[in-house]
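Everything below concerns the one structure shown next.
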Amino acid sequence: MNGLLGLIQNENMKIYRRPRTWIFAGILLLLIVGGAILGMKFDPEYSGSEWRGQVQQNIDEAKKEMKGDDTPEDFKNMMKQDIAQNQYYLENDINPYEKNAWTFINENLLLTTIVSLFVVVVASDIVASEFTWGTIKMLMVRPFSRGQILFSKFVSVLIFQLVLYIELFVASWLVGGLLFGFGGFNFVDHTFGLEGGLTETAVGETVLKTLGLGFVSLIVIVAISFMISTVLRSSSLAIGIGIATLFAGNAINLLLAKYDWGKFVLFPNLELTTYIGGGSPPFEGMSLPFSLTVDAIYFVVIVVLTWYIFKKRDIAA
Amino acid sequence: MEVKNLTKKLGGRNVVDDLSLTVQRGEIYGFLGPNGAGKTTTIRMIVGLITKTNGQVLVNGIDADKEYSNAMTQIGAIVENPEMYKFLTGHQNLIHFARMAKEKITNERIDEVVKLVDLEDAIHKKVKTYSLGMRQRLGVAQAILHRPSLLILDEPTNGLDPQGIHEFRAYLRKLTKEGTSVIVSSHLLSEMQLMCDRVAIIQKGKLINVSSVHEMSESESEQTSVRFIVSNTVKAQDILQMKDPELEITRQSNELQLTLKHSDIPLINEILVNAGIAVYGIISKQQTLEEKFLELTKEGVTQ
């Protein structure tokens, strides 16, 4: 009767019985609610006809700033674009200040970085901590293979990742909905390109795509943290490298920019959200399916390597 | 359980060298040896924590390499200190390990085991509040939860107070009566003497002697050396030598050293007292297991 399900239950018990996990969940909730309160104070929603005046004011201010003789050309272009955008709102009767549950989630998508951070911490720790506590030997002398034990741990990290994603989504939707009204999935989000192009997307669609693709690339980062945790048996090192992977991506992409083979490196292919709304990928010839394939290959290699090393390892700690 | 030709090579040295042994059902089998002799390494190989360079482990006839899962179902183990999850309660720890058994373990069984190791009062407290002895008992509880036929305990009395050690021995006896076999390792001889049926002495990775504790004690009584502190050593020696010319007697300033059977001590005392010699003290110095152990391990070194 007892099988893999029991192992996964165990790992979940060990995640959620630790105060740390609840602190993470609490911080996330605090950031969402706190963000809403700050937003109400400094970024008010102009309703009715109020918004027209605000948009007009923005245009006037931009025009004033452009007049100066010593204003740099770049800045002038930015202002021009700003004016065009605001005029577009006025002509088409679009209130850019309108808020609803979905625009609020959209604003909160920045918090996926915090979620990634928390998930990486848990992933880095989940194998290494057993070595630190000395419980690894209690865990291993059981009628389960090491592969099964690793699998249950990995699945449990993914469940934790899902839980935080759901928390981010549901809490933002609830807070946003209570403050600004529910609905608004189809609210059109206008993105003006630097060249003056205009894209229109339903904000709900942007939200779901961003969450989905963010989730996928986080799985690969989790696999890396998990591997370091397993191979080095050191949580601090695994957390460090996991976070570096999370944040060093952009720097590495810049370094790689001049090499053709850069597009086969993992990091540029983890920036999946750049594909949303027709953004340009860091390398020519990259597309969403291409990046997903590259990610999948790296993922499989990392997982197999982790499993193989762990299986062979003498547990003498 | 049977172990055949177990070998572990580390850095070109055989840490465990061609070790073979058999443990009978219901027996407490001791691994005795100085620190670094290869006791823990042997145990780690038996439970699959480290790979074997060579050899075979059979548990109830099941080859642990071929059918790891089935073999492990038969084994309960504590390797070195029983490390538990400190942020969980004792009960949660037991649930955790119960879920890792192949057969379903009922709540009644968990309660039964908790009672057996006498942890009822503390079982719902977090393990971080436990004393070392309580953790040790919780360790025993998780090891016997699934009714293993072989219990492996590495240095189980480390950190237990004398009272705890006494209780621990009683648990083990209780278990073996139900047919469980037990392997215990220790570097403490006196402990082994009290706890085990048979003791294997391990030295530098080799098994150098297996003997039953009973046998060991038997041979001791043959060679008891006794010192009698008496008022008049010369007179005493004459009287005793007269009674038994074969008796080995060494005379020192105020005592006589005799080699005799343990059971003869009262007789000698009686003879001396009847002859009017004051006996101030009788010091019996048995050849202890310790001496036997030292003797054996010395042989092991010269081999």
Side-chain angles (χ1 to χ4, degrees), chain A residues 1-24 122 125-153 155-156 230 233 235 307-317, chain B residues 8 10 15 40-41 43-53 59 62 64 67-89 92-93 95-106 126-128 135 138-139 142-143 145-146 148 150 152 154:
Chain A
M1 195 242 143
N2 284 355
L4 271 176
L5 213 64
L7 294 188
I8 295 170
Q9 245 178 312
N10 275 346
E11 294 309 325
N12 276 290
M13 173 168 80
K14 286 183 274 183
I15 292 176
Y16 301 105
R17 289 279 176 193
R18 290 185 73 182
R20 181 183 76 184
T21 310
W22 295 97
I23 293 171
F24 288 170
V122 170
D125 201 34
I126 196 158
V127 180
S129 63
E130 301 273 359
F131 281 97
T132 317
W133 296 329
T135 42
I136 187 78
K137 54 193 190 226
M138 309 293 273
L139 208 57
M140 290 306 185
V141 294
R142 310 282 156 183
F144 288 96
S145 72
R146 294 184 181 191
Q148 285 171 313
I149 285 167
L150 271 191
F151 176 79
S152 68
K153 284 187 175 291
V155 168
S156 303
T230 306
R233 291 165 296 172
S235 355
W307 171 77
Y308 181 78
I309 294 170
F310 190 58
K311 205 173 94 113
K312 292 271 156 189
R313 152 148 286 144
D314 274 359
I315 294 168
Chain B
K8 177 74 182 179
L10 270 181
V15 183
T40 300
T41 310
I43 286 174
R44 283 176 191 275
M45 274 192 281
I46 292 172
V47 296
L49 280 176
I50 59 177
T51 53
K52 304 184 258 295
T53 308
V59 187
I62 301 166
E67 292 178 67
Y68 178 74
S69 176
N70 285 336
M72 289 315 293
T73 307
Q74 313 274 335
I75 295 180
I78 303 178
V79 182
E80 288 176 319
N81 301 322
E83 306 288 355
M84 308 302 253
Y85 299 102
K86 293 196 175 76
F87 55 93
L88 299 179
T89 66
Q92 285 162 348
N93 268 287
I95 288 174
H96 178 275
F97 291 113
R99 286 196 194 121
M100 297 193 83
K102 278 286 170 187
E103 302 276 315
K104 187 173 165 49
I105 290 167
T106 59
K126 291 216 163 104
V127 172
K128 66 175 145 217
R135 275 182 220 174
L138 189 62
Q142 64 79 26
L145 212 50
H146 56 293
L150 175 67
I152 299 177
D154 190 10

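None of the values given here were measured: they were computed from a predicted structure. In what follows, every chain begins at residue 1, and chains take the letters A, B, ... in the order their sequences are listed.
- Looking at A:D314, its side chain does come within 3.5 Å of a backbone N or O of B:T51 through a donor-acceptor pair.
- Atoms CG and NZ, on B:D154 and A:K137 in that order, are 8.5 Å from each other to the nearest 0.5 Å.
- Atom OH of A:Y16 sits in a crowded spot, with more than 12 heavy atoms from other residues, nucleotides or ligands closer than 6.0 Å.
- Per-residue counts of heavy-atom pairs under 4.5 Å with chain B were compared for A:I149, A:L7, A:T135; the largest is that of A:T135.
- Ring geometry, B:F87 versus A:W133: the interplanar angle falls from 30° to 60°, so the pair is classed tilted.
- Pairing each heavy atom of A:R142 with each of B:Y68, the nearest pair is O-CE2, 3.5 Å.
- Contacts between A:R146 and chain B at a heavy-atom distance below 4.5 Å involve the side chain alone, from C-beta outward.
- To the nearest 0.5 angstrom, B:H96 atom NE2 is 10.0 Å from A:M138 atom CE.
- Note on A:K14, A:Q9, A:M13, A:M140: by heavy-atom pairs under 4.5 Å with chain B, the leading option is A:K14.
- Neither the backbone nor the side chain of B:N70 comes within less than 4.5 Å of any heavy atom in chain A.
- In this structure, B:M100 and A:V141 have side chains that are not in contact, with every pair of non-hydrogen atoms separated by 4.5 Å or more.
- Contact of B:Q74 with chain A is not made at all, since no heavy-atom distance falls under 4.5 Å.
- Using a 4.5 Å cut-off between heavy atoms, B:K8 contacts chain A through its side chain alone, with no backbone atom that close.
- By the neighbour-count criterion of 12 heavy atoms within 6.0 Å, atom CZ of A:F310 is densely surrounded, having more than that number from other residues, nucleotides or ligands.
- Residue A:R17 places its CZ atom among 12 or fewer non-hydrogen atoms of other residues, nucleotides or ligands, all under 6.0 Å distant.
- Here B:E83 is the residue among B:Q92, B:Q142, B:M72, B:E83 with the most heavy-atom pairs under 4.5 Å with chain A.
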